[in-house]
Amino acid sequence: MTMNLLRQIATSRLPVSFYRPEDIDQVRILRAAGLVVALVPAPTDPLTLAGDGLAAQVLAVTQKGREELARFDYPQSPSRPPLWRQRMSRIVTRRRRPPSSDSPTSARMQ
């Protein structure tokens with residue numbers, strides 16, 4: 001899907017190049033929608049606007065592209081921490097405590 005490719009582009013170091021024909025077609029769609037600034041080869045089949053091209057190079061994600069990503073909850077909002085941070089407090093509180101001198105196991109050690 002083109003939104004997945006847009007997410008991939010937004011998290012990549014730009015410019016990024018795509019060589020597979022299906023990726024080039026998706027970059028064409030993103031460019032036509034005004035979501036990215038890209039250099040796309042001319043299609044070899046003008047009737048379907050598709051075909052073999054050497055590579056498509058995405059130069060930037062536009063403001064409209066970033067707004068579209070935000071609509072799909074990307075990047076994560078600061079109010080919702082990542083899952084590993086939610087579980088971190090449970091992991092930290094479940095650490096073993098050192099045995100106290102009152103416990104029966106410490107009496108056996110002496």
**Complete:** Across all chains, not counting sequence neighbours, the salt bridge (Lys or Arg N to Asp or Glu O under 4.0 Å) partners of R20 are E22, D23
**Fill in**
Rounded to the nearest 0.5 Å, the CD atom of E68 sits from the CZ atom of R7 at a distance of 10.0 Å
**Prompt:** Which of these, I29, D25, V27, sits in a side chain to side chain contact (heavy atoms under 4.5 Å, CB included) with T2?
**Reply:** I29
**Asked** Should side-chain heavy atoms under 4.5 Å link Ile, Leu, Val, Met, Phe, Trp and Tyr, which residues sit in the same cluster as V37?
**Response** L39, L59
**Asked** Which heavy atom in A55 sits nearest to a heavy atom in P41, and how many Å separate them?
**Response** O-CD, 3.0 Å
**Item:** Residues which pass salt bridge (Lys or Arg N to Asp or Glu O under 4.0 Å) with E67, listed by chain and number, not counting sequence neighbours
**Value:** none
**Item:** Contact summary for V61 and I9, nearest pair of heavy atoms
**Value:** CG2-CG2, 3.8 Å
**Asked** Which heavy atom of R31 sits nearest a heavy atom of V40, and at what distance?
**Response** NH1-CB, 3.5 Å
**Request:** Name all residues meeting the side chain to side chain contact (heavy atoms under 4.5 Å, CB included) criterion together with S17; count only those two or more places apart in sequence or in a different chain, and write none if there are none.
**Result:** Y19, Q57
**Request:** Quick one: closest heavy-atom pair of L69 and A10, and the distance?
**Result:** CD1-CB, 3.6 Å
**Message:** Which heavy atom of F18 sits nearest to which heavy atom of I24, and what is that distance?
**Reply:** O-CG1, 3.7 Å
